[in-house]
Amino acid sequence: MSEKTKQKLVQEPQVEHEDLNVLMQRRREELEELKKLGVEPYPHEFNRTDFSKESIDSFKDDAPQRTVMLAGRIMSIRRMGKASFCHVQDSQGKIQVYLKKDDLGSIYDAYKLFDIGDIIGITGFLFRTKMGEVSIHAQKLTLLAKSLRPLPVVKEKVDEQGNKVVYDPFSDKELRYRQRYVDLVVSPEVREVFIKRAKLISGFRKFLDAKNFLEVETPVLQPLYGGASARPFVTHHNALDVKLYLRIADELYLKRLIVGGYDGVYEISKDFRNEGMDRNHNPEFTMLELYVAYRDYRWMMELTEGMVHEAAVAVNGSSTISIGEHTIDFKPPWKRITMFGAIKEYTGRDLRGKSEEDLRKTCKELHIEIEAAQGVGGLIDEIFSARVQPHLIQPIFITDYPVELSPLAKKHRSEQGLVERFEAFANGQEVCNAFSELNDPLDQRARFEEQVKLRARGDEEAQPLDEDFLRALEYGMPPTAGLGIGIDRLTMLLTGQTSIRDVIFFPQMKPEK
RNA sequence: GAGCGUGUAGCUCAGUGGUAGAGCAUCUGCCUUUUAAGCAGAGGGUCGAUGGUUCGAUCCCAUCCACGCUCACCA
């Protein structure tokens, strides 16, 4: 490092200090004053024994005085000279603290330098104020972490009807996503969404573990990607000097594990797709994939409805969820209908056996815009997406898809041109995708070759041929049922969020500045 | 990728061709059961960035940046 560079590094913090706004300068000054008063601004621990909500809920007016020790962040302060109230927030919520100079002595002077955002420990006894709020009468106050940056102050009030009214919520979406830590501090409902997300995932795990499926991990960095139609992220391994792809799906590796002899495997993990971003797409997202040997897609439908139902109950405590004017009930059994059956039900047209020309005519009659390149399968899918999917409010399985759309699914046992595949829909959105897995290695090779042709024609999302996967199938894979569930979108559905960014802690953003 | 919109104090937002305002937050004073605490006073801004028009731009114009919404693409 050059002398010049060294100097620059040394000077940088001071330069930064001069750039601070008055609020942050003030807090740094307070920090120094606190140190002068002998207050350690960043102690190592605090042995709390109590939490806000538990303390409030357990309070009884006629019971003997109870001392509690809890810790949290100051969210509001109301000073009245020689006494003060503040609200302290911990993981369970907020509790009011009453601080009196007579009881606290010299630390009360230090407390004058405390701010909204500081993290403190409180020891005191529970009581009810004149206004009726269960609070802590502080006997001891400990600073646990001095905050140097002002937090957005969100004020709230309970109106006559008992509804909580929030004033000036922290609402700038860009700031909320970029500084999610702030969003989480000031918005309990945001914290709640992510708690529900965790409950969904742990609900799935419990369900699958109870059935003795093995949770596994497969490579994120892959020499060849596959298992879905999407463009991958590309990276490079220096030591091997090879190109690697970030996985777009887990499918092909998990099926290799079924070949290896496990009866059931699942993986909950991030996939990466190098595509556009919108309210339903984030470049990295979480999938559950599950494969079970000796089962088919009909068996998988039963498992799916049972698993999603249990997870919905785990998340919301109920099998139903209200979205807009709809109440969606995940209780099994879910309705089942074939894709052609559903199209007939909602358009009155039977598309079975129709030629590409017929289908184009139908699209025109139904005022559905299509592209020249689309084949029979693509056209059927367009009609389904436009005329059927929006009507699928209650959970429903749509079964038996055109073979062209599903290069990894097994051909239907009785219907020509179809595969044994189902997708579940709810609230007009896809919930999962599953099929009887293709285990005929020769058929799989032919399907891959179709994909290679599409690729040669410029379809960047067509799947590359995976010779090692074919080798695995050639050793023999038992009949297998497979399932994929997008965790982010299911979380959206179960928490009533309309953007994927509201169910991902740190959604992808362009870099700042 | 296209259209529309937004960007002003820490946060939420007004506003104007003559270099800016409110509420909360902050600071000072008063206040020992307050709660959107209150009362009195004060400080705080590169008005997203860069160009242009103009005597003068935060405002008008252009470009760029970031974000949002809708659509397209995409499962």
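Letters A, B, ... mirror the listed sequences (proteins, then strands); counts begin at 1.
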Student: Look at the side-chain N and O atoms of A:Lys510 and state whether any lies under 4.0 Å from the OP1 or OP2 oxygen of B:A66.
Tutor: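 So the side-chain polar atoms of A:Lys510 do come within 4.0 Å of the phosphate oxygens OP1 or OP2 of B:A66, strictly under.
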Student: Could you label the plane-to-plane angle of the A:His412 and A:Tyr297 rings as parallel, tilted or perpendicular, counting under 30° as parallel and over 60° as perpendicular?
Tutor: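 Aromatic pair A:His412/A:Tyr297 classed perpendicular.
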Student: Does the Lys NZ or Arg CZ of A:Arg180 fall within the cation-pi geometry relative to A:Phe506 - under 6.0 Å from the ring centre and within 45° of the axis?
Tutor: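 No, a cation-pi geometry is absent between A:Arg180 and A:Phe506.
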Student: How many whole angstroms separate atom CD of A:Glu174 from atom C1' of B:G10?
Tutor: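 For the pair A:Glu174 CD and B:G10 C1', the rounded distance is 16 Å.
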Student: Report each atom pair, protein N/O against N/O of nucleotides 19-24 of chain B, whose distance is under 3.5 angstrom.
Tutor:
from  : atom 1 : to       : atom 2 : distance (Å)
B:G23 : N2     : A:Asp168 : OD2    : 3.2
B:C24 : O3'    : A:Lys155 : NZ     : 3.2

Student: So, A:Glu156 and A:His87: side-chain donor and acceptor under 3.5 Å apart, yes or no?
Tutor: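 No, A:His87 and A:Glu156 have no side-chain donor paired with an acceptor closer than 3.5 Å.
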Student: Roughly how many Å apart are B:G56 and B:U8, using the P atom of each and rounding to a whole number?
Tutor: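 After rounding to an integer number of Å, I get 27 Å for this pair.
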Student: Considering only the C1' atoms, how many Å lie between B:G29 and B:A36, rounded to the nearest integer?
Tutor: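 So the two C1' atoms sit 23 Å from each other.
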Student: For A:Gln429, report the nucleic acid contact type (base, sugar-phosphate, nothing); a contact means any heavy atom under 4.0 Å.
Tutor: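 A:Gln429: no heavy atom of the nucleic acid under 4.0 Å.
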Student: Taking only the P atom of each, what is the distance from B:U46 to B:A20 in whole angstrom?
Tutor: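 Nearest-Å result for B:U46 against B:A20 at atom P: 13 Å.
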Student: On a whole-Å scale, what distance lies between the P atoms belonging to B:U16 and B:C73?
Tutor: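 Per the computed distance, 41 Å lies between those P atoms.
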Student: If you compare every side-chain N and O of A:Arg178 against the phosphate oxygens of B:C67 (OP1, OP2), does one of them come in below 4.0 Å?
Tutor: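 Checking A:Arg178 against B:C67: at least one side-chain N or O falls below 4.0 Å of OP1 or OP2.
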Student: How are the rings of A:Phe114 and A:Tyr111 set to each other: parallel, tilted or perpendicular (split at 30° and 60°)?
Tutor: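 Plane angle over 60°, so perpendicular.
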Student: Tell me whether the count of non-hydrogen atoms from other residues, nucleotides or ligands lying under 6.0 Å of NZ in A:Lys112 goes above 12.
Tutor: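 Counting other residues, nucleotides and ligands, NZ of A:Lys112 exceeds 12 neighbours.
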Student: Between A:Leu23 and A:Lys157, which is nearer to the 5' end of RNA chain B once each is assigned its nearest nucleotide?
Tutor: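 The 5'-side residue here is A:Leu23.
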Student: Scan residues 482-491 of chain A for pairs that pass side chain to side chain donor-acceptor pair (under 3.5 Å), counting only residues two or more places apart or in two chains.
Tutor: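 Qualifying pairs: A:Arg197-A:Asp488, A:His281-A:Arg489.
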Student: Using only side-chain N and O atoms of A:Arg26, determine if any of them is under 4.0 Å from OP1 or OP2 of B:G43.
Tutor: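 No, because none of the side-chain N or O atoms of A:Arg26 sits under 4.0 Å from OP1 or OP2 of B:G43.
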Student: Under 4.0 Å, heavy atoms only, any strand: does A:Glu430 hit a base, just the sugar-phosphate, or nothing?
Tutor: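 A:Glu430: base contact, heavy atoms under 4.0 Å.
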Student: Between A:Glu437 and A:Glu251, is any pair of side-chain heavy atoms under 4.5 Å apart?
Tutor: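 When only atoms from C-beta onward are counted, A:Glu251 and A:Glu437 do touch, with a gap below 4.5 Å.
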Student: Kindly state whether the ring of A:Phe425 and the ring of A:Phe384 have centres lying under 6.0 angstrom apart.
Tutor: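 So the answer is yes for these two rings.
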Student: Once you apply a heavy-atom cut-off of 4.0 Å, does A:Ser84 come out as touching a base, just sugar-phosphate, or nothing?
Tutor: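 Contact class for A:Ser84: none.
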Student: Looking for any heavy atom pair under 4.0 Å, which part of the strands does A:Thr498 touch: base, sugar-phosphate only, or nothing?
Tutor: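 Result for A:Thr498 = nothing.
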Student: Considering every strand and a 4.0 Å limit on heavy-atom distances, what is the contact class for A:Arg231: base, sugar-phosphate, or nothing?
Tutor: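 The residue A:Arg231 makes no contact with any strand.
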Student: In terms of side-chain heavy atoms of A:Ile116, which of B:A25, B:C27, B:U33 is nearest?
Tutor: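 Nearest nucleotide to the side chain: B:A25.
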Student: Which part of the nucleic acid, if any, lies within contact of A:Arg489, taking any heavy atom under 4.0 Å across all strands shown: a base, the sugar-phosphate backbone alone, or nothing?
Tutor: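 No contact at all - A:Arg489 keeps every heavy atom at 4.0 Å or more from the nucleic acid.
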Student: Using atom C1' of each nucleotide, how far apart are B:C60 and B:G17 to the nearest Å?
Tutor: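 Looking at atom C1' only, B:C60 and B:G17 are 8 Å apart.
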Student: Within this structure, what is the CG-to-P distance between A:Asp271 and B:C74, rounded to whole angstrom?
Tutor: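 So the two atoms are 19 Å apart, to the nearest Å.
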Student: If you check the A:Arg78 side chain, which of B:U34, B:U12, B:A36 turns out closest?
Tutor: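 That would be B:U34.
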Student: Assess whether salt bridge (Lys or Arg N to Asp or Glu O under 4.0 Å) is satisfied between A:Asp61 and A:Arg128, documenting all intermediate values.
Tutor: CA-CA 7 Å; A:Asp61 290 278; A:Arg128 189 184 293 278; 2.8 Å; yes
Student: Roughly how far, to the nearest 0.5 Å, is CG of A:Asp50 from CZ of A:Arg66?
Tutor: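 The CG atom of A:Asp50 is 5.5 Å from CZ of A:Arg66, to the nearest 0.5 Å.
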Student: When you check the phosphate oxygens OP1 and OP2 of B:U6, does a side-chain N or O of A:Lys173 lie under 4.0 Å from one of them?
Tutor: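 For A:Lys173, the contact criterion (side-chain N or O under 4.0 Å from OP1 or OP2 of B:U6) is not met.
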Student: Report all side-chain donor-acceptor pairs from residues 136-145 of chain A shorter than 3.5 Å, counting only partners two or more places apart or in another chain.
Tutor:
from     : atom 1 : to       : atom 2 : distance (Å)
A:His137 : NE2    : A:Asp103 : OD2    : 2.5

Student: Please report the interatomic distance CE(A:Met339) to CD1(A:Ile398), rounded to the nearest 0.5 Å.
Tutor: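 That separation rounds to 8.0 Å.
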Student: In terms of the nearest nucleotide of RNA chain B, which residue is placed more toward the 5' end: A:Gln389 or A:Arg279?
Tutor: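 Checking each residue's closest nucleotide, the 5'-ward one belongs to A:Arg279.
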Student: B:G44 phosphate, OP1 or OP2: any side-chain N/O from A:Asn21 under 4.0 angstrom?
Tutor: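 False: A:Asn21 side-chain N/O out of range (4.0 Å or more) of B:G44 OP1/OP2.
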Student: Counting any heavy atom closer than 4.0 Å, what does A:Leu175 reach on the DNA or RNA strands: base, sugar-phosphate only, or nothing?
Tutor: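 Sugar-phosphate only.
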Student: Of the listed nucleotides (B:G10, B:U34, B:C67), which one gets closest to any side-chain atom of A:Met509?
Tutor: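 Output: B:C67.
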Student: Expressed as a whole number of Å, how far does the P atom of B:G23 sit from that of B:G38?
Tutor: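 One P to the other, the span is 12 Å.
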Student: I need the CG-P distance between A:Asp172 and B:A9, as an integer number of Å.
Tutor: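 For the pair A:Asp172 CG and B:A9 P, the rounded distance is 11 Å.
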Student: Does A:Lys364 have any salt bridge (Lys or Arg N to Asp or Glu O under 4.0 Å) partners at least two apart in sequence or in another chain, and if so, which?
Tutor: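 For A:Lys364, no residue satisfies salt bridge (Lys or Arg N to Asp or Glu O under 4.0 Å) once neighbours in sequence are set aside.
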Student: Under a cut-off of 3.5 Å for both distances of each Watson-Crick or G-U pair, what dot-bracket string does RNA chain B give, using [ ] for crossing pairs and | for inter-strand pairs?
Tutor: (((((((..((((....[..)))).(((((.......))))).....(((((..]....))))))))))))....
Student: Measuring centre to centre across the rings, with the benzene-like ring taken for any Trp, is A:Tyr266 within less than 6.0 Å of A:Tyr291?
Tutor: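 That pair fails the under 6.0 Å test.
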Student: Check every strand shown and say whether A:Phe170 touches a base, only sugar-phosphate, or nothing at a heavy-atom separation below 4.0 Å.
Tutor: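 Touches sugar-phosphate only.
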Student: Counting only distance, no hydrogens or angles, is the base of B:U35 paired donor-acceptor with the side chain of A:Thr129 under 3.5 Å?
Tutor: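 Side chain to base: pair present.
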Student: Which ones in residues 97-109 of chain A lie close to RNA chain B, meaning a heavy atom under 4.0 Å from one of its atoms?
Tutor: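 By residue number: A:Tyr98, A:Lys100, A:Asp102.
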Student: Looking only at the side chain of A:Phe85 (C-beta and beyond, no hydrogens), which of the listed nucleotides B:U34, B:G43, B:C31 gets closest?
Tutor: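 Out of B:U34, B:G43, B:C31, the nucleotide with an atom closest to A:Phe85's side chain is B:U34.
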Student: With sugar-phosphate meaning primed atoms plus P, OP1 and OP2, does A:Glu423 contact a base, only sugar-phosphate, or nothing at under 4.0 Å between heavy atoms?
Tutor: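 Counting heavy atoms under 4.0 Å across all strands, the contact made by A:Glu423 includes a base.
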Student: Would you mind telling me which of B:U34, B:U32, B:A25 lies closest to the side-chain atoms of A:Ser135?
Tutor: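 It is B:U34.
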Student: Just how far is it from atom SG of A:Cys363 to atom CG of A:Leu379, taken to the nearest 0.5 Å?
Tutor: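 Spacing of SG (A:Cys363) from CG (A:Leu379) equals 5.0 Å.
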Student: Should the side chain of A:Glu133 and the base of B:U34 be counted as holding a donor-acceptor pair, with the cut-off at 3.5 Å?
Tutor: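 Answer is no: no donor-acceptor pair is held.
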Student: When you look at A:Phe170 and A:Val185, which way does the side chain to side chain contact (heavy atoms under 4.5 Å, CB included) test go after all the steps?
Tutor: CA-CA 10 Å; A:Phe170 182 52; A:Val185 166; over 6 Å; no
Student: Figure out the CG/C1' separation between A:Asn280 and B:C73, and round it to whole Å.
Tutor: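 Whole-Å distance recorded here is 13 Å.
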Student: Which part of the nucleic acid, if any, lies within reach of A:Asp159 when heavy atoms closer than 4.0 Å are counted: base, sugar-phosphate only, or nothing?
Tutor: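 A:Asp159: no heavy atom of the nucleic acid under 4.0 Å.
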Student: Is any N or O donor-acceptor pair between the side chain of A:Asp278 and the base of B:C73 shorter than 3.5 Å?
Tutor: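 Such a pair exists between side chain and base.
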Student: When you compare B:U6 with B:C59, how far apart are their C1' atoms, in angstrom units rounded to a whole number?
Tutor: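 The same atom, C1', in both gives a distance of 16 Å.
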Student: Suppose you measure atom C1' in B:U53 against the same atom in B:A25; what distance do you get, rounded to whole Å?
Tutor: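 Result for the C1' pair: 40 Å, nearest Å.
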Student: Between B:U34, B:C74, B:C27, spot the one nearest the side chain of A:His281, thanks.
Tutor: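 Of all the options, the side chain of A:His281 is nearest to B:C74.
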